Participant: 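First the structure, then my questions, so here it is.
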Amino acid sequence: MEFLSGNFLCETIVPKGELIVSRTDLKGNITYANETFALISGYEVDELIGRSHNIVRHPDMPKVIFKELWEDLKSKGSWSGIVKNLRKDEGFYWVFAEISGVFKDGKLVEYKSVRTPISFDEKLKYQLLYDELKKQNNEPIRKVVYQ
Ligand SMILES: Cc1cc2nc3c(=O)[nH]c(=O)nc-3n(C[C@H](O)[C@H](O)[C@H](O)COP(=O)(O)O)c2cc1C
């Protein structure tokens, strides 16, 4: 029999009014994480600091989105978009993310990101869109557990 099982089916809802905030160095290594980021992702703040931000990369996210994210950060200085993120327990949470530069004496020193909740309709729309993008690029879509 074929069925899906595991925490990867469990969504954590980002409460309205909550902001998930992080900063990274210019390579995407986390230098700051707020308490909400830790709570929603299932990590301790200390576990997040120093790790690559791809620690919360969800396998449902198409590669091309992160390619665009880094290209836009380098060319325009900012990026915003909808991201499905992976929790430590393999559950997931959806956010609208805005990323931009942090400047010191006019010099780009870090990136910062603020994330807010999105609606159920947006989650459905983006899950289908991201599946389609993965299909177009021959990336595997969702894992199925055979038991
Ligand atoms: C400030 C900032 C915040 C980021 N936030 C996320 C995030 O919430 N989720 C995510 O998957 N990638 C995020 N990224 C992109 C990651 O650095 C990484 O490029 C992405 O997870 C894909 O992993 P990969 O580059 O190892 O393929 C962020 C990058 C920056 C600079």
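In what follows, every heavy atom counts, from backbone to side chain, and hydrogens, waters and symmetry copies are set aside. Throughout, numbering of the chain's residues begins at 1 and tracks the sequence. In each ligand, atom 1 is the first atom listed, and ligand 1 is the first ligand listed. In this text the structure is predicted, and so the values were computed from the model without any measurement.
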Participant: Can you tell me if R23 has a non-hydrogen atom under 4.0 Å from ligand 1?
Facilitator: no

Participant: Below 6.0 angstrom between ring centroids: does that apply to Y130 and H58?
Facilitator: no

Participant: Quick one: look up the protein heavy atom nearest atom 27 (O) of ligand 1 and list residue, atom name and how far away it is.
Facilitator: R57 NH1, 3.2 Å

Participant: Return the residue, atom name and 0.1 Å-rounded distance of the protein heavy atom closest to atom 6 (C) of ligand 1.
Facilitator: H53 ND1, 3.4 Å

Participant: Here's a test for you: under side chain to side chain contact (heavy atoms under 4.5 Å, CB included), which of L48, T12, N85 qualifies with S41?
Facilitator: L48

Participant: Considering only protein heavy atoms, which is closest to atom 30 (C) of ligand 1, and at what distance to one decimal place?
Facilitator: I99 CD1, 3.9 Å

Participant: Can you check whether F37's main-chain N or O pairs, donor with acceptor, with N34's side chain at less than 3.5 Å?
Facilitator: yes

Participant: Is E122 reaching over with its side chain to a backbone N or O of S119, donor-acceptor style, under 3.5 angstrom?
Facilitator: yes

Participant: Considering only non-hydrogen protein atoms, determine which one is nearest to atom 23 (O) of ligand 1 and report residue, atom name and distance to 0.1 Å.
Facilitator: N54 CB, 3.2 Å

Participant: Answer yes when E11 and K123 have at least one side-chain N-carboxylate O distance shorter than 4.0 Å, and no when they do not.
Facilitator: yes

Participant: Please could you name the atoms of ligand 1 that T24 approaches to less than 4.0 Å, counting only its heavy atoms?
Facilitator: 1 (C), 2 (C), 31 (C)

Participant: I'd like to know if K88 and E47 make a salt bridge, using a cut-off of under 4.0 Å between side-chain N and carboxylate O.
Facilitator: yes

Participant: For atom 19 (O) of ligand 1, state which one of F37, W79, W70 supplies the nearest heavy atom.
Facilitator: W70

Participant: If we count only non-hydrogen protein atoms and require a distance under 4.0 Å, does atom 21 (O) of ligand 1 qualify as touching the protein?
Facilitator: yes

Participant: Is the shortest N/O to N/O distance between S113 and ligand 1 below 3.5 Å?
Facilitator: no

Participant: Would a distance-only check, ignoring hydrogens and angles, find a side-chain to backbone donor-acceptor pair under 3.5 Å from K134 to P140?
Facilitator: yes

Participant: Among all the protein's non-hydrogen atoms, which is closest to atom 12 (N) of ligand 1, and how far away is it?
Facilitator: F66 CE2, 3.4 Å

Participant: Give yes if a backbone or side-chain nitrogen or oxygen of H58 is under 3.5 Å from a nitrogen or oxygen of ligand 1, and no if not.
Facilitator: no

Participant: What's the shortest distance from atom 5 (N) of ligand 1 to any protein heavy atom, and which residue and atom give it?
Facilitator: R115 NH2, 3.2 Å

Participant: Please check if atom CZ in R51 has more than 12 non-hydrogen atoms from other residues, nucleotides or ligands closer than 6.0 Å.
Facilitator: no

Participant: Using a strict cut-off of 4.0 Å, indicate which atoms of ligand 1 neighbour a heavy atom of Y111.
Facilitator: 1 (C), 31 (C)

Participant: So does K27 pair up with D25, basic N to acidic O under 4.0 Å?
Facilitator: no

Participant: Just which atoms of ligand 1 are under 4.0 Å from any heavy atom in N85?
Facilitator: 7 (C), 8 (O), 9 (N), 10 (C), 11 (O)

